[in-house]
2 protein chains.
Amino acid sequence: MRGFLGFLILFLLSGKPMHGQELADEIGKRKGEKPSPGTIYPALKGLKESGFIKEEKEGKIITYDLTPSGKKALSIAKRRFTKTFLGVFP
Amino acid sequence: MRGFLGFLILFLLSGKPMHGQELADEIGKRKGEKPSPGTIYPALKGLKESGFIKEEKEGKIITYDLTPSGKKALSIAKRRFTKTFLGVFP
DNA sequence: CACCATATATTGGATGTCCGATATATATAA
DNA sequence: TTATATATATCGGACATCCAATATATGGTG
């Protein structure tokens with residue numbers, strides 16, 4: 001089962017726009033270990049290439065946010081995720 | 001993010017013991033597409049080698065069930081999963 | 001007894017994830 | 001101006017997942 005990193009990133013961005021290291025920090029809080037840049041940036045690149053996120057650069061900071069098709073993709077992925085793991089959440 | 005197939009298998013076996021194709025069917029129901037034998041059997045083999053599941057063979061059917069350490073591993077994985085995906089479930 | 005269906009098991013190739021190390025860019029501080 | 005900190009980005013290697021195809025085993029049916 002794979003594709004969850006992208007899903008989690010889209011989910012986190014649906015809460016608020018974030019830059020790369022903020023995403024890494026939040027994922028680190030949830031997983032107990034902060035992912036390396038080698039995990040985050042290729043994943044962001046892939047989501048951008050898929051048209052699910054857009055960037056806004058200011059100085060050295062690139063803020064990522066969902067595009068309309070990213071929101072749609074997240075919606076679909078959420079339903080799939082919920083169905084796949086039905087019963088796992090307490 | 002990876003390691004979810006093993007987690008889902010342990011979770012499903014915590015409900016009741018199942019054989020390989022039953023697991024594939026249940027995963028297929030949840031994901032919308034039944035996984036191929038090439039996905040299921042290597043994963044079962046890995047879980048067995050990790051000591052998380054045990055087998056009981058009868059004729060051509062091998063029924064899998066959790067071991068005590070499998071139950072423990074599932075418990076830990078459930079908490080991690082819940083924490084990682086907090087807020088995703090409706 | 002032969003055939004069929006089902007279950008198990010493997011393999012090589014492909015994809016996504018993951019990392020550590022390294023490189024580059026930018027802002028801030030000394 | 002230089003040094004430092006932070007952010008971004010890449011890469012090769014390793015691991016988990018995934019499949020289709022193939023092979024073997026077993027039970028049931030004709």
Side-chain angles (χ1 to χ4, degrees), chain A residues 1-13 16-65 70 73-74 77 80-81 84-85, chain B residues 1-13 16-50 52-65 73-74 77 80-81 84-85:
Chain A
M1 234 148 271
R2 57 199 195 192
F4 288 107
L5 178 62
F7 169 64
L8 186 58
I9 290 177
L10 292 183
F11 170 72
L12 293 175
L13 289 179
K16 69 170 180 121
M18 296 189 201
H19 66 58
Q21 286 307 299
E22 283 179 322
L23 283 163
D25 285 338
E26 180 54 36
I27 292 171
K29 277 182 197 166
R30 288 166 172 261
K31 294 191 67 187
E33 210 159 57
K34 180 172 172 171
S36 139
T39 297
I40 295 297
Y41 294 105
L44 286 169
K45 182 176 179 181
L47 290 171
K48 192 185 170 202
E49 278 164 7
S50 299
F52 295 155
I53 64 177
K54 68 197 173 193
E55 302 178 341
E56 226 165 280
K57 185 170 179 174
E58 242 178 274
K60 65 182 182 181
I61 301 281
I62 301 183
T63 301
Y64 299 91
D65 202 353
L74 174 62
R80 279 183 181 165
F81 176 89
T84 301
F85 294 103
Chain B
M1 233 145 272
R2 59 197 194 191
F4 288 106
L5 178 61
F7 168 64
L8 186 58
I9 290 175
L10 291 183
F11 169 72
L12 293 176
L13 289 179
K16 68 169 181 122
M18 295 189 201
H19 65 62
Q21 286 307 298
E22 282 180 321
L23 283 161
D25 285 338
E26 179 57 33
I27 292 171
K29 276 180 198 166
R30 290 168 171 257
K31 292 191 69 190
E33 209 160 57
K34 180 173 172 171
S36 136
T39 298
I40 296 295
Y41 293 105
L44 285 170
K45 183 176 179 181
L47 290 170
K48 192 185 171 204
E49 278 164 6
S50 297
F52 295 155
I53 65 177
K54 67 195 172 194
E55 301 178 340
E56 225 164 282
K57 186 173 178 171
E58 240 176 277
K60 65 184 181 181
I61 300 279
I62 301 182
T63 301
Y64 299 90
D65 202 354
L74 174 62
R80 280 183 180 166
F81 178 88
T84 300
F85 294 102

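Source: prediction; values computed, not measured. Note: hydrogens, waters and symmetry copies are ignored here, and every other heavy atom, side chains too, is used. Lettering follows sequence order; numbering is per chain, from 1.
- Residues A:Leu12 and A:Met18 share a closest heavy-atom pair of O-CE, 3.8 Å.
- Distance, B:Glu33 CD to D:dT17 C1': 14 Å, rounded to whole Å.
- In this structure, the ring of A:Phe85 has its center less than 6.0 angstrom from the ring center of B:Phe81.
- The shortest heavy-atom contact between B:Asp65 and B:Leu13 is OD1-O, 4.0 Å.
- The minimum heavy-atom distance between B:Gly20 and B:Ile40, with the atom names listed, is O-CG2, 3.9 Å.
- Close to D:dC18, at under 4.0 Å from its OP1 or OP2, lies no side-chain N or O of B:Ser36.
- Listed by residue number, there are no residues of residues 47-58 of chain A with a heavy-atom contact under 4.0 Å to DNA chain C.
- Closest approach of A:Pro35 to A:Gly28, counting heavy atoms only: CD-N, 3.9 Å.
- Checking A:Phe4 against A:Gly59, the closest nucleotide of DNA chain C that is more toward the 5' end is the one next to A:Phe4.
- One interatomic measurement links the two molecules: CZ of A:Phe7 to C1' of C:dG16, which rounds to 16 Å at whole-angstrom precision.
- Judged purely by atom type and a 3.5 angstrom limit, B:Glu26 has no side-chain atom pairing as donor or acceptor with the backbone of B:Leu23.
- Other residues, nucleotides and ligands place no more than 12 heavy atoms under 6.0 Å from the CD atom of B:Glu56.
- Summary of the strand contacts: A:Ala43 and B:Gly38 both lie near DNA chain C, and taking for each the nucleotide with the nearest heavy atom, the more 5' one is attributed to B:Gly38.
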Query raised in the report: In the 5'-to-3' direction, what one-character label does each nucleotide of nucleotides 2-8 of chain C receive under the scheme B = base within less than 4.0 Å of a protein heavy atom, S = sugar-phosphate only, - = no such atom?
Result: ---BBSB
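- When all heavy atoms of B:Pro37 and B:Pro42 are compared, the pair lying nearest together is O-CD, 3.6 Å.
- Counting any heavy atom pair closer than 4.0 Å across all strands shown, B:Pro35 reaches sugar-phosphate atoms only and no base atom.
- Protein atom CD1 of B:Ile40 is 13 Å distant from nucleotide atom P of D:dA20, rounded to whole Å.
- The base of C:dT17 has none of its N or O atoms less than 3.5 Å from a complementary donor or acceptor on the side chain of A:Arg2.
- The A:Lys31 side chain lies nearest to C:dC18 when the options are C:dC18, D:dT10, C:dT10.
- Among the heavy atoms of the strands lying under 4.0 Å from B:Gly6 are primed sugar atoms or P, OP1, OP2 only; no base atom is included.
- We find that CG of A:Leu8 is positioned 13 Å from C1' of C:dT17, with the value rounded to whole Å.
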Report task. Apply side chain to side chain contact (heavy atoms under 4.5 Å, CB included) to B:His19 and B:Ile62, showing your working. Result -> CA-CA 6 Å; B:His19 65 62; B:Ile62 301 182; 5.6 Å; no
